**Q** 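Here it is: the structure, laid out below.
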Amino acid sequence: MTNWTKKNVTKADIEPLCNAYSIDKILASIFVRRGITEGSDILYYLEKDLRFQHEPFLLPNMEDAVERILQAEEEGEKILIFGDSDTDGITSTTILYDYLKGRGIDVSWRIPVGDDPYGLSKDAVNKFYDQGGSLIITVDCGISNYEEVELANSLGIDVIVTDHHNPQATLPQASVIVNPKLEESVYPFKEISGAAVAYKLVSALRYAHTDFYNSEITIIEVSQEEDSVLIDCVKIKNLVKVKELHERIIPGRTSIYDTKLLNFLTGQVLYAWDSQAVKNAFLNIFGSGIDFMLNDLRAEIGAVIPAVKNKTSEQLAKLSSIAKYIPSQSGLLESLYNLYVTYCKKVIASKHPDFVKAESRDIQMVGIAALADIMPMKNENRIFVNQCIQSIKKAGPREGLRELFAKFKLVPDMTSSVDLSWNVIPAINAAGRLGKPDVALKLFLEENPRQREALAEGIFAMNEERKVLVQNASFKVHNDAEKSVSEHSNKFCVVVSEDIQPGLTGLFAAKLMSDFGVPSFALTFSQEICIGSVRSKRGFIVTKFLDDMGDFFLNHGGHNYAAGFSFEKEKLPQFISYLKEASKSVQLSDEEEAVEIDAEIPPSYLAPEVFKLIDTFEPYGNENSELVFMTKNARLCDAMLVGKKEPFHLKLTFDCGKYKFPAMFWSQGERLKKDIAVGQSYDILYTLSRNYFNGTVTNQLMIKELKAADAK
């Protein structure tokens with residue numbers, strides 16, 4: 001039995017969170033135990049609206065990418081979208097292709113199929129050149145395609161790389177690179193999927209077709225202090241703060257020519273919340289020599305957002321939702337900036353309702369990609385997945401998803417991240433793993449419903465085939481895998497087998513890592529090329545490990561804990577030797593057999609309201625594990641064996657005083673009447689769940705472990 005541990009938290013730890021965010025003590029204690037104490041992190045658990053996502057133009061080189069695509073549209077150029085073959089690449093390609101096709105642009109797509117290598121290929125570049133193409137946009141790949149981009153350059157083809165994988169020391173010489181992980185990036189959150197980057201590009205392109213695109217304004221706010229006046233200014237372009245100026249002026253002593261104001265404000269369209277009040281302040285400070293042409297921001301915004309029309313700027317600062325979470329954005333100027341962004345988006349949504357509808361379709365793809373690529377479930381990834389699920393529930397699954405939902409008998413109104421992660425995403429990935437990712441991409445792009453149904457049927461069949469292949473190959477390589485762990489100093493698991501399909505190396509590496517608890521490598525062959533994947537844990541950063549091998553690989557790249565690579569088959573002995581030697585010095589962090597308890601809930605406090613915590617913390621996933629609770633002295637009032645073929649599982653009911661809760665204890669049927677008996681009280685370790693059946697939703701506990709209440 002594992003060790004149950006619960007971090008100690010004090011009243012002093014949780015009270016500030018309760019007061020600042022109006023949350024109860026249980027939620028605050030969970031935040032503290034999980035180290036979620038900064039408002040900028042708490043925001044993404046308590047807020048789910050898309051307005052809290054980061055602005056597209058914060059991504060490096062986004063304006064350059066938009067301008068190049070606008071030029072291609074204007075001049076009727078032929079564009080190729082090149083994506084990856086996994087779910088992230090397929091969804092990325094879908095998002096960008098949908099948009100460009102909808103604009104009437106001459107656009108085509110290509111992704112690796114069969115034995116094609118990862119990333120942009122020279123063959124793709126050459127064929128596109130033969131077709132008269134002039135612009136390639138990579139999605140979810142390209143950051144390591146130096147030679148392929150160089151070839152494109154030599155043929156007069158521009159390349160825009162949009163990617164999210166870790167850049168290596170040398171970047172490809174692309175016309176534009178949009179990647180949140182570039183060294184110069186100021187994007188607030190780096191760990192977004194390739195589909196999220198593609199979605200941000202499309203969002204920026206939509207914005208480029210509004211009246212606000214490339215218009216630069218400056219907002220001015222003046223505040224009186226004891227013996228001085230503070231003048232705050234911010235320049236905004238494409239909804240991003242470009243530059244700020246903060247000047248403290250002493251009236252009667254400081255001339256405007258002694259300040260930086262004239263240079264900062266010259267040539268700008270100037271706004272103030274209360275333009276007359278600011279004009280009067282400037283008149284008092286600098287006299288009548290200079291007349292600033294100030295526009296009234298309150299009048300413009302008030303016409304769109306009536307609730308703020310009669311508010312002073314000081315009142316606006318107190319109303320700001322973002323300021324509640326991020327104190328540094330609580331100033332008057334920050335409040336006006338955030339309000340201006342909201343105003344612009346409301347105007348755009350009103351004038352372009354088609355943008356809103358298209359964004360809802362896109363966000364379904366972005367949410368699926370975040371789950372599929374195991375992005376950390378924090379920051380804006382949480383918004384993407386939550387909005388994905390809400391879009392599916394309200395508008396229904398988009399084309400392609402609709403057919404997959406039908407195949408898996410999923411009910412859109414009851415969609416959860418678990419449904420997507422355990423049914424839809426493996427099916428999409430199966431197409432890519434079996435060398436036919438184009439089938440999945442065609443499913444999302446096909447306009448004919450009957451054709452989509454046939455494609456979905458094919459994907460469903462491939463998913464079943466994938467399960468059989470993994471099961472058969474796992475059986476064959478298990479002994480070799482177990483033996484390899486000791487051969488690699490109990491630090492790595494390494495399997496090389498032709499029984500592994502080239503597209504399944506990632507799945508195998510993940511399974512080996514799960515089975516043996518160490519970073520795992522799975523390798524197979526495609527003709528004279530060795531193809532491999534590595535999945536990692538315990539602090540071992542695989543991308544750095546592969547980078548340190550220099551130019552050994554034909555291709556390699558990925559994320560910190562998941563990567564792929566390829567090299568010539570003749571180099572395999574050298575690679576295995578390197579792994580054995582490296583394993584001797586690798587340091588892995590310890591993993592104790594312990595379960596961290598998020599909160600202890602006494603039986604009398606276990607009520608339906610507690611299940612609302614699911615809504616706060618879902619979606620679960622990478623860096624946001626499922627909530628685990630403990631309740632002591634819970635009386636078992638009913639128990640029965642359940643199971644379709646054999647009664648392996650236990651369905652229990654616990655009496656918690658005012659409420660009784662059903663619970664499932666999987667694969668523990670043999671314990672009934674041995675150490676589990678009706679009428680006894682138990683300490684239980686569990687997660688919270690909702691069971692959907694025939695339109696009825698029932699709260700239930702999912703038991704992880706239980707022990708007699710008096711057990712020590």
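Predicted model only: the values in this text are computed from it and were never measured.
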**Q** Could you pull out all residues at least two apart from Arg206 that satisfy side-chain hydrogen bond (donor to acceptor under 3.5 Å, both in side chains)?
**A** Asp362

**Q** To the nearest 0.5 angstrom, please state how far the CD1 atom of Ile220 sits from the CD atom of Gln268.
**A** 9.5 Å

**Q** Using side-chain hydrogen bond (donor to acceptor under 3.5 Å, both in side chains) as the criterion, list what pairs up with Gln53, not counting sequence neighbours.
**A** Tyr199, Lys200

**Q** By the side-chain hydrogen bond (donor to acceptor under 3.5 Å, both in side chains) test, which pairs, at least two apart or in different chains, include something from residues 13-26?
**A** Thr10-Asp13

**Q** Any Lys/Arg nitrogen of Arg34 or Asp41 sitting under 4.0 Å from an Asp/Glu carboxylate oxygen of the other?
**A** no

**Q** Ring of Phe264, cation from Lys243 - is the NZ or CZ under 6.0 Å from the centre and inside 45° of the axis?
**A** no

**Q** Do Tyr99 and Leu201 make a side-chain contact, defined as non-hydrogen atoms from C-beta onward lying under 4.5 Å apart?
**A** no

**Q** If the plane angle is over 60° it's perpendicular, under 30° parallel, otherwise tilted; pick one for Tyr213 and Phe57.
**A** tilted

**Q** Does NZ in Lys346 sit with more than 12 non-hydrogen atoms of other residues, nucleotides or ligands closer than 6.0 Å?
**A** no

**Q** What do you reckon, is CG of Asp354 surrounded by more than 12 foreign heavy atoms closer than 6.0 Å?
**A** yes

**Q** Which residue pairs pass the salt bridge (charged side-chain N to carboxylate O under 4.0 Å, His left out) test when at least one of the two sits in residues 188-199, sequence neighbours left out?
**A** Lys181-Glu191

**Q** Under a 4.5 Å cut-off applied to non-hydrogen side-chain atoms, are Asp98 and Arg398 in contact?
**A** yes

**Q** Do Tyr337 side-chain atoms and Leu239 backbone N/O form a donor-acceptor pair below 3.5 Å?
**A** yes

**Q** Got Ser40 and Phe189 here, is their nearest side-chain heavy-atom distance under 4.5 Å?
**A** no

**Q** Taking only residues two or more places apart in sequence, or in another chain, which ones meet Asp419 in a side-chain hydrogen bond (donor to acceptor under 3.5 Å, both in side chains)?
**A** Ser416

**Q** Taking the basic N atoms (NZ, or NE/NH1/NH2) and the acidic carboxylate oxygens, is any pair closer than 4.0 Å for Lys241 and Glu55?
**A** no

**Q** Residues in side-chain hydrogen bond (donor to acceptor under 3.5 Å, both in side chains) with Asp615, at least two apart?
**A** Arg690

